[in-house]
There are 2 protein chains.
Amino acid sequence: MSVRHPGVSTDDCPVREILDRVGDKWSVPIVVLLGERGHRFNELHRRIDGISQRMLTLTLRTLARDGLVSRTVHASVPPRVDYELTELGRTLLVPVRALDEWAREHRDDIRAARQRHDAG
Amino acid sequence: MSVRHPGVSTDDCPVREILDRVGDKWSVPIVVLLGERGHRFNELHRRIDGISQRMLTLTLRTLARDGLVSRTVHASVPPRVDYELTELGRTLLVPVRALDEWAREHRDDIRAARQRHDAG
DNA sequence: CAGGATCCATTTTGATACTG
DNA sequence: CAGTATCAAAATGGATCCTG
């Protein structure tokens, strides 16, 4: 478990590698919603407050590229595209929810720390 | 547990709030190293591959402001400053390590998905 | 409906040189 | 040793308009 002279580079720090992928502004909200159930494009657009069409497109594209989200085009008029988590994406929900739980438990601690800091 | 019409805004999504804080390029590596033991400034600088003095300073300052890291100045010549996780910071280590574990287990899956995607 | 294409503003990060 | 200060580059995100 221990290493001798552990530098932390991106290569040695897989968690940084995944934060480079889902640490952006919109990936986690998308993953969380898709964890609930599959969604269509505009459904996500409506439910994610503040996201632009552009960022929704880009983020979904990256998530699909990384194998976390699947994109299913139904040949119909009007077009219909469904997004859902892949199996890999669903495994990611576990640590994401752990982080979410931590966040809910400790957001006030962080806010309080900030206020103390900014006051003093 | 369930909500009726759950939009996802930053306010409703605490996990996004903490990713805004530790989702940057250097916070997690720093937290991980400090989770091992306390470190001095240049010790961190040496162990974190590629970080600039400036980013180390800025990131440590933010982590301290958020109450995740403590900064202890020893009045000595040459100066000595020790950084360590606060108790709050240590609790963060739990979900961060969960994410780290996920990353170690699945980084190859993501890489493979990328290659498939970029090939096809 | 589900995007694509442009252009622009902001944020984040890095390089470099200097200091108590 | 542990930072500051300044400047520039790069990544990220948003607004707006257009289309199969």
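Just so it is clear: chains get the letters A, B, ... in the order the sequence lines come, proteins before strands, and each one is counted from 1.
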Checklist entry - Just by modelled atom types, is the A:G35 backbone N or O under 3.5 Å from a matching donor or acceptor in the A:R90 side chain? => result no

Checklist outcome for this item: B:M55 atom CE is separated from C:dT11 atom C1', nearest whole Å, by 11 Å

Checklist outcome for this item: Winner on side-chain proximity to A:R54, out of C:dT6, C:dG3, C:dT13, is C:dT6

Checklist entry - To the nearest angstrom, how far is A:I48 atom CD1 from C:dA2 atom P? => result 14 Å

Checklist entry - Below 4.0 angstrom from OP1 or OP2 of C:dG14, is there any side-chain N or O of B:K25? => result yes

Checklist entry - Out of A:V22, A:D24, A:V28, which residue meets the side chain to side chain contact (heavy atoms under 4.5 Å, CB included) rule with B:L19? => result A:V28

Checklist entry - B:T57 has a side chain; which of D:dT4, D:dA2, C:dA2 sits nearest to it? => result D:dT4

Next on the checklist: Rounded to the nearest 0.5 Å, what separates atom CD1 in A:I30 from atom NE2 in A:H39?
Outcome noted: 11.0 Å

Item to check | Selected nucleotide, minimal atom distance to B:R71 side chain, candidates C:dC7, C:dT13, D:dA2 | outcome: D:dA2

Item to check | Whole-Å distance separating the CZ atom of A:R16 from the P atom of C:dT12 | outcome: 14 Å

Item to check | Positions of residues 75-86 of chain A (non-hydrogen atom under 4.0 Å from DNA chain C), listed by number | outcome: A:P78, A:P79, A:R80, A:V81, A:Y83

Checklist entry - In whole angstroms, how far is the P atom of D:dA5 from the CG atom of B:L58? => result 11 Å

Item to check | N/O (side chain, B:R46) to phosphate O (OP1/OP2, D:dA2) under 4.0 Å | outcome: no

Next on the checklist: So does A:G23 get a backbone contact from the side chain of A:S27, meaning a donor-acceptor N/O pair under 3.5 Å?
Outcome noted: no

Next on the checklist: Rounding to an integer number of Å, can you tell me how far B:D24 CG sits from D:dT12 P?
Outcome noted: 13 Å

Item to check | Selection from C:dC1, D:dG14, C:dG14 that lies nearest to any side-chain heavy atom of A:N42 | outcome: C:dC1

Item to check | From A:R61 atom CZ to A:L56 atom CG, the distance as rounded to the nearest 0.5 Å | outcome: 11.0 Å

Next on the checklist: Any carboxylate oxygen within less than 4.0 angstrom of a Lys/Arg side-chain nitrogen, looking at A:R97 and A:E101?
Outcome noted: no

Checklist outcome for this item: When rounded to whole Å, the CD1 to P distance for the pair B:I51 and D:dG3 reads 12 Å

Checklist entry - Tell me: CD of A:Q53 to C1' of D:dG13, nearest whole Å? => result 15 Å

Next on the checklist: Using whole Å, what does the distance between atom P of nucleotide C:dA15 and atom CG of B:L56 come to?
Outcome noted: 14 Å

Checklist entry - Can you list the residues that meet the side chain to side chain contact (heavy atoms under 4.5 Å, CB included) rule with A:A64, with sequence neighbours excluded? => result none

